[in-house]
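Numbering of residues begins at 1 and proceeds along the displayed sequence.
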Amino acid sequence: MPALVRLARLLLLTLCLCPGIAPAARAGGGDSFATLPYLAETDPDAALERIARLTGNIDPASGFDPRAAFDLYRMAASLMIEAGQVEQAAQAIAKLADFAVHYRDTLGFDPVPIYGEAAALLRDTGQPTAARDTLISMYGEQRSAGATPEALGQTARDIADLSAALGMATPDLPDPLAAGDFQTIPVYYFTDRGQSGDPEAPLFYAPGRGEPEWGIATVSRPKQEGAGDVSKLRAVQPMAQPEWLDRLRSAPEQGALVYVPGASTRFEQGARRAALIAQALGGAERAILFSWPASGSTLDYMADSAATRTSARQLARMLEGLAAQPGPARPHLLARGMGAQVLADALELIAARRGEGGPEQQAIFGQLIFAIPDMDAERFRDLLPVLRPLVQRITLYTSQDDSQLALARQIYGPALRAGWGGEATLTDPAVDSVDLAAPGAEMPGPEILDAEILSADAVLADIAMLLWKDAPPARRCGLVATPGEDQPVWRWQDGLCAHPDLIRALARLRQEDVQTQDLALEVLRAVVPDADLRDRLAPVVSRLLLR
């Protein structure tokens, strides 16, 4: 089949990226998916054929993964540009921006740079009407995310210029939202990514490795809750390590939650996720992001896996410095997916260095939480005795419905991954294993977990209880023990635990450091308007306050 015909077919597939009929792009075969980046470099025509094959099953009910679909079409658009089909690629990228908006909670991308790229290509290829439509969509995204008046003004001028050139009336664009409609969330970060050279915050750091850097990222989001995550990485401020540590020490009443994201996670995605987690947990801990040089694409899974060991050494040094800071609160640690490999390797290095100076009994970190860890299950089990003395408690969340873990199993074969759930859930005396299998619609189910486990309210509530009271599973909300190989596996049996009011109540209880039943009931009365719900939540809080 001629290359032009193949490209046209891919374009038609891309134009199908609309709600309800998006292709069910899956890994297919692990090798088929993971070797695409190499094939794209060596044989672009063959890569396009493979993308067409992987995206050819239009059946959203059959394992649809928006992240894989986005990455496949993003690669297809790049190959179309290289083949000189820029006009069609521009249209495809504009559709990808719409796709990113529709699946914003799953993808976690900021769609504004994608709209900007598409609009520029559409203008350059003589498609002014499509460029104008794309800029109008871009303006709406910028406004909802609280873009500066300067940025909105530039987009509005570009729309006006295109309208005039087309002989069309300039559309009425809504005024910028007031600054008071948004809240800002600081995220302390440490990264071994290199800078991209682009001053725009979402693009400031590149996928590749660089020298270690410290800084503060500022994330904004609307105060009024709406549909989907419209948070925005607003600013990135690199700084020297001593200044970074001084800033951390400036609020001793707050703890610290170190977040290590998984594979395919860009810097801006990690910063926004860290901010939203910290905010959802009530702001009792400052968010500290360790952004290792993951590529930002599911197609680069193997390259991401190879990057973990070097990053682990950098993370170990940062964590040792953080643990040495004065203050009563020990840093908590949370890793998602392949980030678990980075964190586990870093803690192994710290344990080895502690051993060189003689035995030390006291834990230097608070909670250690692995959220669907993408690492070999046997290595994970072997590391548990090494990690356990370093922390208060280890919690493992597992799932059998995580798409990235499914890809890992296809690549690595029958060797189990530590985050795999269901009957394969790993148990060990050193860890509390919580399987996220959903017995009912009210609990965190596969459609949520495949998007991002840490967006599930029940999981956030469970983490809040851990960070506040170091509560074992039996004292947390709705967890019921089922038999496991070495220890019980805990599963949720109560939809109450996913209620947003529980998250809000826990946040307030932690902020005010409530220690008595009477004060806890006062907080519930202030936060939960429904009397029946308050009565159901009261026993949950009472169990947490038990000594």
Side-chain angles (χ1 to χ4, degrees), residues 63-67 105-106 108 259-263 273 276-277 280-281 333-340 343 367-375 377 380-381 393-409 416-428 431-467 471-500 502-503 506 540:
F64 172 54
D65 180 4
R67 288 169 296 192
D105 291 336
T106 303
Y259 173 53
V260 186
R273 179 59 59 185
L276 298 181
I277 292 170
L281 294 175
L333 312 175
L334 168 61
R336 166 73 166 111
M338 197 181 288
L343 180 56
Q367 301 298 323
L368 172 57
I369 302 170
F370 291 107
I372 314 185
D374 183 4
M375 60 183 293
F380 182 85
R381 189 191 298 275
R393 181 184 301 275
I394 302 177
T395 300
L396 168 67
Y397 293 111
T398 68
S399 171
Q400 59 184 355
D401 298 301
D402 184 72
S403 62
Q404 287 199 5
L405 215 56
L407 171 60
R409 289 195 69 181
L416 286 178
R417 311 304 282 172
W420 197 251
E423 294 182 359
T425 297
L426 182 150
T427 60
D428 188 275
V431 65
D432 297 328
S433 299
V434 181
D435 182 33
L436 301 178
E442 294 184 70
M443 297 307 299
E447 70 285 348
I448 294 178
L449 300 178
D450 227 19
E452 174 52 74
I453 177 180
L454 298 175
S455 66
D457 285 337
V459 179
L460 285 169
D462 203 54
I463 291 173
M465 297 176 205
L466 275 169
L467 302 190
R475 282 175 49 201
R476 305 204 301 265
C477 182
L479 290 173
V480 175
T482 57
E485 183 178 345
D486 299 301
Q487 292 286 111
V489 175
W490 297 87
R491 292 183 172 89
W492 275 290
Q493 298 293 329
D494 187 353
L496 173 69
C497 309
H499 200 288
L502 176 58
I503 295 278
L506 289 168
V540 175

>> Would you compute the distance between atom CD1 of Ile369 and atom CG of Leu333 and round it to the nearest 0.5 angstrom?
In response: 8.5 Å
>> If I take atom CH2 from residue Trp420 and atom CG from residue Asp374, how far apart are they, to the nearest 0.5 angstrom?
In response: 11.0 Å
> For residues Ser433 and Thr425, is any side-chain donor paired with an opposing acceptor at under 3.5 Å?
Replying inline: no
> In terms of ring plane angle, is the pair Trp492 and Tyr397 parallel, tilted or perpendicular, where the classes change at 30° and 60°?
Replying inline: parallel
> With a 4.5 Å heavy-atom cut-off, do Asp462 and Leu479 have their side chains touching?
Replying inline: yes
> With a 4.5 Å heavy-atom cut-off, do Ile463 and Ile277 have their side chains touching?
Replying inline: no
>> Under the rule for salt bridge (Lys or Arg N to Asp or Glu O under 4.0 Å), what residues qualify as partners of Arg491, not counting sequence neighbours?
In response: Asp435
> Do you know the tightest heavy-atom contact between Ala377 and Leu426?
Replying inline: O-CD1, 3.5 Å
>> Test side-chain contact (heavy atoms from CB on, under 4.5 Å) on Leu368 and Leu343; report intermediate values, then the result.
In response: CA-CA 10 Å; Leu368 172 57; Leu343 180 56; 3.6 Å; yes
> Heavy-atom distance under 4.5 Å between the side chains of Leu502 and Met465, does that happen here?
Replying inline: yes
> Given side chains that start at C-beta, do those of Arg273 and Pro261 come closer than 4.5 Å, heavy atoms only?
Replying inline: no
> Do the side chains of Leu396 and Pro373 get nearer than 4.5 Å, heavy atoms only?
Replying inline: yes
> Can you find a heavy atom in the side chain of Phe380 that is under 4.5 Å from one in the side chain of Arg417?
Replying inline: no
> So how far is it from Asp432 CG to Gln487 CD, rounded to the nearest 0.5 Å?
Replying inline: 8.5 Å
> So, Arg381 side chain and Asp428 main chain: donor-acceptor pair closer than 3.5 Å or not?
Replying inline: no
> Measuring from Gln367:CD to Thr395:OG1, what's the distance to the nearest 0.5 Å?
Replying inline: 6.0 Å
